[in-house]
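Data first, discussion second: the structure below is written as structure tokens.
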Protein chains: 2
Amino acid sequence: MRPLLTVTNALADRTRLRLLMGLREGELCACQLIELVGLAPSTVSKHMFLLRQAGLVESRKIGRWVYYRWPGRAAPLRVRHALKWVAESLTDDPQIAKDTKHLARLLKSTPETLCRKQTRKPVSSSSAPATRAAARWRRAGRVTSGRT
Amino acid sequence: MRPLLTVTNALADRTRLRLLMGLREGELCACQLIELVGLAPSTVSKHMFLLRQAGLVESRKIGRWVYYRWPGRAAPLRVRHALKWVAESLTDDPQIAKDTKHLARLLKSTPETLCRKQTRKPVSSSSAPATRAAARWRRAGRVTSGRT
DNA sequence: CGTATACTTCGCCACTTGGCGAACTATAGA
DNA sequence: TCTATAGTTCGCCAAGTGGCGAAGTATACG
């Protein structure tokens with residue numbers, strides 16, 4: 001019962017649903033998710049912890065950046081069905097539609113630009129750390145990360 | 001977003017999952033659900049309100065009894081998929097297995113016997129109100145209430 | 001080294017929620 | 001009509017949760 005409850009609890013919050021849907025089409029880094037929902041980094045971090053604990057997202061760290069995405073085929077049925085169910089239930093949701101448009105705008109700049117904006121400092125022109133990874137991620141074109 | 005959140009919130013509680021699974025094989029009356037989870041009537045009533053609000057159960061009143069069951073085919077996809085998902089995710093759950101055995105025992109007596117037990121009074125032998133409806137319900141043999 | 005930075009963890013606060021018992025409502029039966 | 005009873009609603013309280021900012025951690029770079 002606990003495993004399912006961890007999932008239902010994770011899904012029982014507006015912000016976490018938005019974050020989850022933000023990852024529907026592929027990987028995003030933490031700063032992009034922070035920008036997406038417009039909340040404090042610590043808050044988003046806590047949400048992502050709960051989602052990861054439930055198995056609803058995976059994360060990988062590259063340099064100073066942490067990338068989140070939906071889990072692949074190895075995830076338990078419980079989780080894969082939950083993601084499918086939520087995505088279907090929210091296809092026509094106005095908030096998610098707004099987020100999707102917002103996200104499209106965000107994706108026009110690199111993660112590092114975003115992070116600078118967040119700390120309210122001017123964007124230095126020189127390449128930031130982990131830029132190679134970010135470039136690869138952009139080239140990959142919003143991978144579907146092995147969804148069912 | 002609200003409709004889905006109502007559902008995920010309803011599913012994000014141990015007791016409500018147990019109540020929901022109790023109805024998996026057919027209709028039960030409130031007193032049977034109270035006995036199933038062993039909580040105060042007011043508590044169970046509140047839970048059933050939330051489940052009904054989410055569309056995860058329907059109810060009908062017959063005399064003084066209220067019967068709850070899973071919704072039929074008319075329910076939104078969001079709800080039908082949720083029920084399917086939860087039921088699948090909990091098929092092997094030990095708590096649910098215990099509840100199922102418990103329920104089997106409860107079903108050997110009539111709802112009115114149960115209610116008497118709950119108020120700690122001896123069961124009068126004469127037929128209680130709504131007994132005909134209850135008998136019909138027993139004859140119907142745990143209807144599946146039009147699930148997908 | 002030391003500094004900057006991307007993120008997480010911690011500590012706090014307002015708000016929500018699950019539980020109960022008491023009071024209330026509605027129906028059945030004398 | 002009056003009483004009994006199946007459920008619900010109300011009022012309360014302890015426990016949990018979402019939000020924030022401050023402090024902490026880990027990595028990159030000079």
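Side-chain atoms are counted along with the backbone in the values below, which use heavy atoms only and exclude waters and symmetry mates. Order of the sequence lines sets the chain letters (A, B, ...), proteins ahead of strands, with each chain counted from 1.
Each end of the helix from C:dC1-D:dG30 to C:dA30-D:dT1 yields a helix axis from five base pairs, and these two axes differ in direction by 20° (to the nearest 10 degrees).
The separation between A:Leu51 atom CG and C:dT8 atom P is 12 Å, rounded to whole Å. In this structure, A:Lys46 places its NZ atom 7 Å from P of D:dG18, rounding to the nearest Å. Going from atom CG of A:Leu5 over to atom C1' of D:dG16 covers 14 Å, rounded to whole Å. In this entry the distance linking CG of A:Leu50 with P of C:dC7 reads 18 Å, nearest Å. Atom P of nucleotide D:dA6 and atom CG of B:Leu28 are separated by 17 Å, given to the nearest angstrom. In this structure, the CE atom of A:Met48 is 13 Å from the P atom of D:dG19, given to the nearest Å. Rounding to whole angstrom units, CD of residue B:Gln53 and P of D:dT9 are separated by 11 Å. A:Phe49 has its CZ atom 15 Å from the C1' atom of D:dG18, to the nearest Å.
Contact detail for B:Thr8 and A:Leu11: the closest heavy-atom pair is OG1-O, 3.2 Å.
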Donor-acceptor contacts, no H, no angles, side chain residues 43-53 of chain B, under 3.5 Å, sequence neighbours left out:
| from | atom 1 | to | atom 2 | distance (Å) |
| --- | --- | --- | --- | --- |
| B:His47 | ND1 | B:Arg16 | NH1 | 3.1 |
| B:Arg52 | NH1 | B:Ser59 | OG | 3.2 |

For residues 94-104 of chain B, please give each side-chain donor-acceptor pair under 3.5 Å, one per line with the distance, not counting sequence neighbours.
| from | atom 1 | to | atom 2 | distance (Å) |
| --- | --- | --- | --- | --- |
| B:Gln95 | NE2 | B:Asp99 | OD1 | 3.0 |
| B:Asp99 | OD1 | B:Arg18 | NH2 | 3.0 |
| B:Asp99 | OD2 | B:Arg18 | NE | 2.8 |
| B:Thr100 | OG1 | B:Ile96 | O | 2.7 |

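B:Leu23 has its side chain out of reach of B:Arg69: every pair of non-hydrogen atoms, C-beta onward, lies at least 4.5 Å apart.
Applying the side-chain contact (heavy atoms from CB on, under 4.5 Å) test to B:Pro3 and every residue at least two apart in sequence or in another chain returns B:Arg78. Under the rule for a side-chain contact (heavy atoms from CB on, under 4.5 Å), the partners of A:Ala54 that lie at least two apart in sequence or sit in another chain are A:Thr6, A:Val7, A:Ala10, A:Leu56.
A ring-ring contact (aromatic ring centres under 6.0 Å, His included) check over residues 81-101 of chain B, counting only residues at least two apart or in different chains, returns the pairs A:Trp85-B:Trp85. Applying the ring-ring contact (aromatic ring centres under 6.0 Å, His included) test to residues at least two apart or on different chains, none of the pairs has a partner in residues 5-35 of chain A.
Nearest to the side-chain atoms of A:Tyr68 among the listed nucleotides D:dG7, D:dG19, C:dC7 stands C:dC7. Here the nucleotide nearest the side chain of B:Arg16, chosen from D:dG7, C:dT8, C:dG18, is C:dG18.
Taking 4.0 angstrom as the limit, B:His47 places a side-chain polar atom (N or O) nearer than this to OP1 or OP2 of C:dG19.
Residue B:Trp70 holds its CH2 atom at 9.5 Å from CD of B:Glu25, rounded to the nearest 0.5 Å.
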Interface polar pairs with nucleotides 21-26 of chain C, N/O, under 3.5 angstrom:
| from | atom 1 | to | atom 2 | distance (Å) |
| --- | --- | --- | --- | --- |
| C:dG21 | N7 | B:Ser42 | OG | 3.3 |
| C:dG21 | O6 | B:Ser42 | OG | 2.9 |

